[in-house]
Every structure is written in structure tokens, then in C-alpha cells.
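In what follows, a single structure is set out as C-alpha cells and then discussed.
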There are 2 protein chains.
Amino acid sequence: MHSPELLKGTLQTILLKVLKDHGRMYGYEITQRVKELSHGHLLLTEGALYPALHKLEADGLLQTETVMTGKRVRKYYSLTNEGKSLVKERVSEFIEFIRTMGKVLQVQLN
Amino acid sequence: MHSPELLKGTLQTILLKVLKDHGRMYGYEITQRVKELSHGHLLLTEGALYPALHKLEADGLLQTETVMTGKRVRKYYSLTNEGKSLVKERVSEFIEFIRTMGKVLQVQLN
DNA sequence: TTATATACCTAATTCACTTATGTATTAATC
DNA sequence: GATTAATACATAAGTGAATTAGGTATATAA
């Protein structure tokens, strides 16, 4: 696992991008997808995930749809139009930050 | 300027690596060096810088030497042996994190 | 002489996270 | 058939690294 300190500030970007790439997803599904994509290196904790999803929804970037599967509740999240346009911004902001860090730390990142 | 959220957790790594590459430096000098290396994209605030330096010193990673230049005080920081061995760890940890983020966000970082 | 740059510092506040806990259903194992 | 693990949601208390906002003082440029 990675130092959780580094994750700070990147969670929103992860959630938005994963939802952009995959479409409609529910919370638990997101944790599994991120775990898979990162080969087990990035494990989202529920205490971070759910508040983050709620905030993105409150900010109008995500919309929800609650679905019953048998007796179990699933809350599906998907990007709003506002969310869709923000993803690109956030991702390129992150890439730009990485490039800058590469210069400051004088390391090759590829 | 970058979203300051992204900086969280990376400040210690920056300070250690810049001190490793440059040798003995004082606080203000570090801010100028980082500004220069990042082409003005990364501006360290004093409220973040000085507490971070003090913490690294308290943790035994940095040692200090106070020098008077005329009537002005300069506090020089340099890596201790413990600090030197930690730099490599921190930098490779950061690189590993970036690689993982690249996979999760499905972006090319070079 | 007045603003800007240099040079240090800390205290109050913010906020995204961790840790801990709670509830409940479904599937696997013993 | 009972217990554990996986699925699925949620919140509350605490942490800690940052921001914001202040303070002091010297040196230089306008």
C-alpha cells in the first residue's frame, strides 16, 4: 500500500475519472475497480469514499440512482454534465502537477 | 499555480530531495529554488515551510546551523545520515505512487 | 521615504483524511 | 445449521498537514 498522505487531494480526481471511464457505478464497485486497476496498491477506505461521493453529489458533479437488488440497496453514481466537464480539468491539472514535481524532484516519471 | 490540495503529503519529499541535490540551504533559499525548478508553478508558503523544516529537524532527518550575515540571521539546514537514507525511500515511494495513479486514471505521464 | 525583497517565526483555523463503529444482506465454509 | 467472509451502505471522533493571517526585523530599490 501507498503512504496514505500522498492520496490526499487525489481522491476526487480518481472518483470522477473512474466514473467517466466506466459509467454508472456504486460505491463498493468503485473500491473494487480501483483496487483492480492499481493491482492492489490503492485501497479506498469507506470512511473516505462515502463522504467524498456525498460531497461530489452535493456539489452537483454526480447524480445518484438508488436500486434494490433483492433486499439489498445499491446507490449508483454517475457524472452530471458539470461533472463531465470537470473531469478533464482535474486530470490535466493532476498531470501538470506531476510534471512539475518531476522537475522539482529531478526525476524521470515514465 | 497548482491546486494546493495536490501538494499535501509531498512537501517533506520536496524538502528532503532539494536538500540532497543542493546541500546546505536556508528556508528562504529553498522557496526560491523550488520556485525556480518549477518555473514558478510551485510556491511554498512560509506557514507550511517552517513548521515542516522544524518537524524534519525534530525527527532527526535534518540538522541546523545558524549563521549571521551582517545583522541578518540565516538558519541553514542539511540532511543528517538518517535523512540521506530516507530521501531515496521517499522519492521512490512517490514515483511508485505516480505510476499507480497513472494506471488508475489511465493516463500517460511522460 | 516608502515599498519591495529578504529572512525568520507562530497561532488559529480548515478540511480531507484515518480510525472506529454501526447496520444489514448474501454467499461460502465448517 | 452455524459461523465467517464478502457485499453494501453510513456516520462520528480524532488527526495532522496544510492555509490564512498575523508578527518582527534587516537590506535594497524606487
Listed by chain and number, what are the side-chain hydrogen bond (donor to acceptor under 3.5 Å, both in side chains) partners of [X], not counting sequence neighbours?
{"X": "A:Q32", "result": "none"}
{"X": "B:K17", "result": "B:D21"}
{"X": "B:E89", "result": "none"}

Rounded to whole angstroms, how far apart are [atom1] on [X] and [atom2] on [N]?
{"X": "A:L44", "N": "C:dT18", "atom1": "CG", "atom2": "C1'", "result": "13 Å"}
{"X": "A:I30", "N": "D:dA10", "atom1": "CD1", "atom2": "C1'", "result": "15 Å"}
{"X": "B:Q32", "N": "C:dA7", "atom1": "CD", "atom2": "P", "result": "9 Å"}
{"X": "A:K55", "N": "D:dA10", "atom1": "NZ", "atom2": "P", "result": "17 Å"}
{"X": "B:L43", "N": "D:dT20", "atom1": "CG", "atom2": "C1'", "result": "16 Å"}
{"X": "B:K75", "N": "D:dT26", "atom1": "NZ", "atom2": "P", "result": "19 Å"}
{"X": "A:Y26", "N": "D:dA6", "atom1": "OH", "atom2": "C1'", "result": "11 Å"}
{"X": "B:L56", "N": "D:dA17", "atom1": "CG", "atom2": "P", "result": "10 Å"}

*With nearest nucleotides of DNA chain D determined for A:G27 and B:P51 from heavy-atom distances, which residue corresponds to the more 5′ nucleotide?*
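Nearest-nucleotide comparison on DNA chain D picks A:G27.
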
*Quick one: list whatever passes side-chain contact (heavy atoms from CB on, under 4.5 Å) with A:S38, sequence neighbours left out.*
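Once residues adjacent in sequence are excluded, the partners of A:S38 under the side-chain contact (heavy atoms from CB on, under 4.5 Å) criterion are A:H41, A:L42, B:T100, B:V104.
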
*Does any N or O in the side chain of B:T80 come within less than 3.5 Å of the main-chain N or O of B:G60, such that one atom is a donor and the other an acceptor?*
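A pair under 3.5 Å: yes.
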
*Report the nucleotide, chosen from D:dT19, C:dT18, D:dA10, that has the shortest atom-to-atom distance to any side-chain atom of B:A48.*
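Selected nucleotide (nearest to the side chain): D:dT19.
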
Below the 4.0 Å mark, does [N] have OP1 or OP2 next to a side-chain nitrogen or oxygen of [X]?
{"X": "B:Y28", "N": "C:dC8", "value": "no"}
{"X": "A:H54", "N": "D:dT11", "value": "yes"}
{"X": "A:Y50", "N": "D:dA10", "value": "no"}

*Is B:E29 touching bases, backbone alone, or none of the nucleic acid, heavy atoms closer than 4.0 Å?*
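Answer is nothing: B:E29 stays at 4.0 Å or more from every strand.
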
*If you pin A:L49 and B:Y76 to their nearest nucleotides in DNA chain C, which one's is more 5'?*
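Its nucleotide being nearer the 5' end, the pick is B:Y76.
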
*May I have all residue pairs that pass salt bridge (charged side-chain N to carboxylate O under 4.0 Å, His left out) and include part of residues 38-66 of chain A, sequence neighbours excluded?*
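Sorted pair list: A:R24-A:E65, A:K55-A:D59.
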
_Pairs flagged by salt bridge (charged side-chain N to carboxylate O under 4.0 Å, His left out) wherever residues 98-110 of chain A is involved - sequence neighbours left out_ =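 Qualifying pairs: none.
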
*What is the distance from atom CZ of B:F97 to atom OG1 of B:T13, rounded to the nearest 0.5 Å?*
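Rounded to the nearest 0.5 Å, the CZ-OG1 separation comes out at 11.0 Å.
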
*Could you check A:T31 against A:T45 for side-chain contact (heavy atoms from CB on, under 4.5 Å), going step by step and ending with a plain yes or no?*
CA-CA 8 Å; A:T31 65; A:T45 61; over 6 Å; no

_Nucleic acid contacts of residues 11-19 of chain A, taken as heavy-atom distances under 4.0 Å to DNA chain D_ =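 Per residue number, the list is empty: none.
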
_Those residues of residues 58-74 of chain A lying under 4.0 Å from DNA chain D by at least one heavy atom_ =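 Output list: A:R72, A:V73, A:R74.
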
*asked:* Suppose we screen for ring pair (Phe, Tyr, Trp, His ring centres under 6.0 Å). Which residues come up paired with B:Y76, at least two apart in sequence or across chains?
replied: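 Only B:Y26 meet the ring pair (Phe, Tyr, Trp, His ring centres under 6.0 Å) criterion with B:Y76.
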
